[in-house]
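See structure below.
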Amino acid sequence: MSEESTEKYIVTSALPYVNGIKHLGNLVGSLLPADVYARYLKRKGKDVIYICGTDEHGTPAEISALKENLPVEEYCKKYYEIQKRIYEGFHLDFTYFGRSSAPESHKITQEIFLKQWENGFIFEKEDEQLYCLIDERFLPDRYVVGTCPHCGYERARGDQCENCSALLNPTELINPRCTICGKDQIEVRKTRHLYLDLPKLEPEVREWVEKQTHWPAVTKGIAMKWLNEGLKPRAITRNLKWGIKVPLKGYEDLRFYVWYDAPNSYIGITMQWANKIGKPEIWKKYWKDPDNTKLIQFLGSDNVPFHAIMWPASLIATRDNYVLAHMIKGFNWLTYEGGKFSTSMNRGVFTDQALELFPADYWRYYLMLIAPERQNTDFKWEGFAEAVNKDLLGSLGNLVNRVVSFLNKNFDGVIGKVDKNDPEVQALIRALKKGLENYVKEMDSYEFQKTVIILRDLWQEGNRFFQQRAPWKQVKENKEKAHVTLSAVAHFVRGIAILSEPFIPKTSETIFKNLGLDPSEVHLITLDHVVDFDSLEGKKVSSDPEILFQKIEKKQVQELIKRFGGREEKKKTKQKKKGNQKKGTISYSEFSKLDIRIGEIKTAEKIEGSDKLLKLTIDIGSELRTIVSGIGHLYTPEELIGKKTPVLVNLEPKKLKGIMSEGMLLMTGNDDIGWYFLIPEKDVPNGTKIM
RNA sequence: AGCGGGGUGGGGAAGCUAGGUUAUCCCGCGGGGCUCAUAACCCCGAGACCGAUGGUUCAAAUCCAUCCCCCGCUACCA
């Protein structure tokens, strides 16, 4: 066995919670980049497994199951199947997509726990918790509301009062109520829980984290913050029925906390795979050979503490030889049209809807292009359409189509010999070589956005070469040379199809098909065969090439924004919220944005077709402003001329009755007592600021 | 309020960790070319006091300090 083959990789994506169908944000923050990376490693010829599955334990699953009137096991199975099918639709090429509730996950979690127990990293502590007599369950903090002991707010949550923002303990609440049944049949019960002794493990965790100099800023920053604040013991059990049992006498009523069992399921799911393929021991080859295995984990930044601190600590505490993460690639957040994805407000796109609208590769490409690697990024329908129309269709699709069509029209579809002495051809080969080099460099640094841009540049490079060589002219003057041009481009296209495979696997298949190659080959060829300008010689391209992408029309974009919620809707809801609230405090900096000055009304005239609006010209010192004001029923134009009044000068201009109004008169009063000008006590020059 | 991320030509981003020739890319805009290709492609051009102020330095978008603004998280919704 060569040294190369003992090097193994485990790629994991954060386990999506079983509860319902996920947003695009969930895809882009872990599942998709993990898939792209695992595919990349396969393109490098590495021994790699890509592990993921649903995270099924915990209270939310139980509650959602209640709501759907299903036993929790059935509920989880249902959503496991649904999510699995969706991810297959996105061509996520898992080695195994399992479940955290499978027997293997129970087994490994219990095994890990027992080792920690033997090694003295687990202790018991008694605690008080609220218990709902109706639901017959202990209530997690979030499932209790009651009156705040500090401010008397009646709907304070178990952990914090929204009104006075005091941090609370659920047992402090006055008249606590259960949010599951809504009743107040609650009592305080003593309960004991098991804790993982993180303070004891801290030095080892710190030493390990400090060694990870190659982690991205998001990951390392969050991990160091936790360590610097000091680790506290963390409960690993809950009072639930749904979950993994604690394998100790006297603790049979307890279940492990989700945060504790979920990451163990990466191992558990690998075991599920191992059992399924009939090699029950093979999981150890990956998870218990830390010197030769690299664990690469993809997750959203909220998950970083669990993967960078808690889980490694947990594994270290076993004193066993489990693999710890080599890379934890944390992602920031994806927003939707400038705001957040929101289930309740029905804003944003769910993964199942996405697949009904467009092929998976459209999403894969755009999402990786805007992957929130170093900052939050925004999903925009216009951006999506642009990426599809310009990059995928205009650049890649066009290149593939034009070369295949041209070969069919002029050379019976046969690819010829590439003349490698031709300097322009040499330049094209060099460009592909260089592209490959950069691609590997960026992928090895887990830089997905940058890799996508390298791909896009290569697609353009193909078009440039095609344009520069103008085979449609060559074919008339020197048919042989035209054939060289087309053959070179065909080989180039083959190369970029392989490079593009991790990102747009289905498209790469189609490209291979159009080139007359076996589509499944594109998932097998390794990167060292990308730069190859010989292998297609004599081959025949497809006589009926498949169109790679469909254009997304402007009209369609507008419809999508309308259907899924766009900016307009966001504005409205924001205004609504504000309108319902009392005026809150503003900071001085916000106040200082207001530019209010004394202005003198120079002219005033009625606006045709309006009974209240007057068009005023106001001298604000530096200039004359046109302001439309609704005071026509209070004053005649003549009365207004010469009046001095405070004017809000930097108000966003707005068209009223077709006239641009560039400011606002400030007056006092209301409709009962009338409206009055605020006239300065002493005459001041026009344009004097009001502070 | 606390925490995290960010402010770079009209829009979106790269560059900032290891300061240094004309600040890079995509879209848009202006002009030109091509007609093989899903009006898709290619070339040229205009456009940036790199959030503000102060500092370090021969030299700062890049380092330090202060401030301002935006977004997200703080709800087992990633």
Side-chain angles (χ1 to χ4, degrees), chain A residues 13-20 22-31 55 57-61 63 140-143 157 159-160 162 165 167 213 217-218 221-222 225 229 238 257-259 262 299-304 330-335 338-344 348 369-370 372-378 380 382-383 386-387 389-391 393-395 397-410 447 449-450 452-454 456-457 460 462-475 482 485-486 489 545 547-551 587-590 592-593:
Chain A
S13 148
L15 306 182
Y17 199 71
V18 72
N19 203 344
K22 303 295 152 189
H23 278 303
L24 288 181
N26 206 328
L27 248 198
V28 75
S30 55
L31 292 153
D55 175 11
H57 292 132
T59 315
I63 309 255
D141 299 355
R142 294 285 171 190
Y143 291 95
R157 295 188 314 237
D159 57 341
Q160 189 175 24
E162 282 177 314
S165 76
L167 292 175
T213 49
V218 211
I222 295 174
K225 193 195 121 212
E229 283 175 2
R238 293 284 89 179
Y257 210 145
V258 246
W259 74 263
L299 34 102
S301 60
D302 61 322
N303 245 324
V304 167
F331 282 84
N332 287 299
W333 309 101
L334 184 71
T335 55
K340 60 175 175 177
F341 280 86
S342 164
T343 314
S344 53
L369 180 67
I370 63 166
E373 293 182 277
R374 59 200 77 233
Q375 59 200 309
N376 294 351
T377 56
D378 193 29
K380 281 202 186 89
E382 277 179 26
E386 186 185 298
N389 293 343
K390 295 285 172 185
D391 299 348
L393 191 156
S395 206
N398 182 36
L399 178 63
V400 174
N401 195 29
R402 68 202 296 205
V403 66
V404 174
S405 304
F406 202 100
L407 278 167
N408 275 324
K409 268 186 199 162
N410 295 285
E447 294 279 0
Q449 280 185 291
K450 288 182 185 169
V452 173
I453 287 170
I454 288 164
R456 192 178 62 189
D457 287 347
Q460 288 173 351
N463 278 313
R464 257 195 295 277
F465 177 81
F466 203 106
Q467 193 72 26
Q468 181 193 4
R469 299 277 289 194
W472 53 91
K473 271 185 198 157
Q474 288 177 327
V475 83
T485 299
L486 268 301
V489 177
I547 291 295
L548 260 40
F549 306 101
Q550 293 296 330
K551 190 173 176 179
S587 65
Y588 177 76
S589 69
E590 280 174 70
S592 65
K593 283 193 236 168

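Naming: A, B, ... by sequence-line order, numbering from 1 per chain. Keep in mind that the numbers below use all heavy atoms, side chains included, and drop hydrogens, waters and symmetry copies.
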Original post:
Mind checking the C1' distance from B:G6 to B:A13? Whole angstroms is fine.
Top reply: 12 Å
**OP:** Quick one: label A:Gly58 by what it contacts on the DNA or RNA (base, sugar-phosphate, nothing), any heavy atom closer than 4.0 Å.
**Re:** nothing
Original post:
Mapping A:Leu548 and A:Asn19 to their closest nucleotides on RNA chain B, which lands nearer the 5' end?
Top reply: A:Leu548
**OP:** Would you check if the side chain of A:Asn410 reaches a backbone N or O of A:Phe406 as a donor-acceptor pair within less than 3.5 Å?
**Re:** yes
**OP:** Could you let me know what B:A1 is paired to, Watson-Crick or G-U wobble, both distances under 3.5 Å, or none if it's on its own?
**Re:** B:U74
Subject >> Spacing between A:Arg374 atom CZ and B:G72 atom C1', to the nearest angstrom >> reply: 18 Å
Subject >> Nearest-Å distance once atom C1' is located in both B:A18 and B:G31 >> reply: 43 Å
**OP:** Would you indicate what A:Leu334 reaches in the nucleic acid, counting non-hydrogen atoms under 4.0 angstrom: base, sugar-phosphate, or nothing?
**Re:** base
Subject >> Nearest-neighbour nucleotide for the A:Lys473 side chain, B:C34, B:U38, B:A14 considered >> reply: B:C34
Original post:
Which nucleotide sits closest to the side chain of A:Ser405: B:C41, B:C77, B:C36?
Top reply: B:C36
**OP:** Indicate whether OP1 or OP2 belonging to B:C71 is found under 4.0 Å from a side-chain N or O atom of A:Asn376.
**Re:** no
**OP:** Please work out if A:Leu299 contacts a base, only the sugar-phosphate, or nothing of the nucleic acid, heavy-atom cut-off 4.0 Å.
**Re:** nothing
Original post:
Please give, in whole Å, the distance from B:A78 P to A:Leu31 CG?
Top reply: 10 Å
Subject >> Distance between C1' atoms of B:U53 and B:G15 (Å, rounded) >> reply: 24 Å
Original post:
B:A78, B:A37, B:A14: which one has an atom nearest the side-chain heavy atoms of A:Trp333?
Top reply: B:A78
Subject >> Side-chain donor or acceptor of A:Lys22 paired with backbone N/O of A:Tyr17 under 3.5 Å >> reply: yes
Subject >> Residue A:Asn398, side-chain atoms from C-beta onward, closest of B:A14, B:C41, B:C76 >> reply: B:C41
**OP:** State whether the side chain of A:Asn376 and the backbone N or O of A:Asn332 hold a donor-acceptor pair below 3.5 Å, judged by distance alone.
**Re:** no
Original post:
A:Lys450 NZ to B:A13 C1': how many Å, rounded?
Top reply: 11 Å
Original post:
Under the 5.5 Å and 30° test, is A:Phe406 stacked on the base of B:C36?
Top reply: no
Subject >> N/O donor-acceptor pair under 3.5 Å between A:Gln474 side chain and A:Thr485 backbone >> reply: no
Original post:
Can you check the A:Gln468 CD to B:C36 C1' distance for me, whole Å?
Top reply: 16 Å
Subject >> Inter-nucleotide P distance (B:G7, B:U62), Å rounded >> reply: 12 Å
Subject >> Inter-nucleotide P distance (B:G47, B:A23), Å rounded >> reply: 13 Å
Original post:
From B:G15, B:A13, B:C34, pick the nucleotide closest to the side chain of A:Gln375?
Top reply: B:A13
Original post:
How far, in whole Å, is B:A59 from B:A40 if one measures between their C1' atoms?
Top reply: 47 Å
**OP:** Give A:Ile547 one of three labels, base, sugar-phosphate or nothing, depending on what nucleic acid heavy atoms sit under 4.0 Å from its own.
**Re:** base
Original post:
How far apart are the closest heavy atoms of A:Ala262 and A:Leu15, and which atoms are they?
Top reply: O-CD1, 3.4 Å
**OP:** Could you measure between the two P atoms, the one in B:U21 and the one in B:A60, and give it in whole Å?
**Re:** 11 Å
Original post:
In whole angstrom, what separates A:Asn303's CG from B:A78's P?
Top reply: 10 Å
Original post:
Taking the side chain of A:Glu386 as heavy atoms from C-beta outward, which of B:C36, B:C26, B:C42 is closest to it?
Top reply: B:C26
**OP:** Return the value, rounded to whole Å, for the distance between atom CH2 of A:Trp472 and atom C1' of B:A40.
**Re:** 12 Å
Original post:
What integer distance in Å separates A:Phe331:CZ from B:G72:C1'?
Top reply: 17 Å
Original post:
What's the closest nucleotide to the A:Arg402 side chain, out of B:C36, B:A78, B:C26?
Top reply: B:C36
Original post:
Considering only the P atoms, how many Å lie between B:C25 and B:G45, rounded to the nearest integer?
Top reply: 11 Å
Original post:
Do A:Thr377 side-chain atoms and A:Thr335 backbone N/O form a donor-acceptor pair below 3.5 Å?
Top reply: no
**OP:** Tell me what A:Tyr257 touches on the nucleic acid: a base, only sugar-phosphate, or nothing, going by heavy atoms under 4.0 Å.
**Re:** base
**OP:** For A:Gln467 and B:C44, give me the distance from atom CD to atom C1', rounded to whole Å.
**Re:** 14 Å
Subject >> Minimum-distance nucleotide to A:Arg456 side chain [options: B:C26, B:U38, B:C36] >> reply: B:C26
**OP:** Please report the shortest heavy-atom distance between A:Gly397 and A:Leu548, naming the atom on each side.
**Re:** CA-CD2, 3.9 Å
Original post:
If you take all heavy atoms of A:Leu399 and A:Gly462, which pair is closest and at what distance?
Top reply: CD1-C, 3.6 Å
**OP:** Indicate whether OP1 or OP2 belonging to B:A40 is found under 4.0 Å from a side-chain N or O atom of A:Lys551.
**Re:** yes
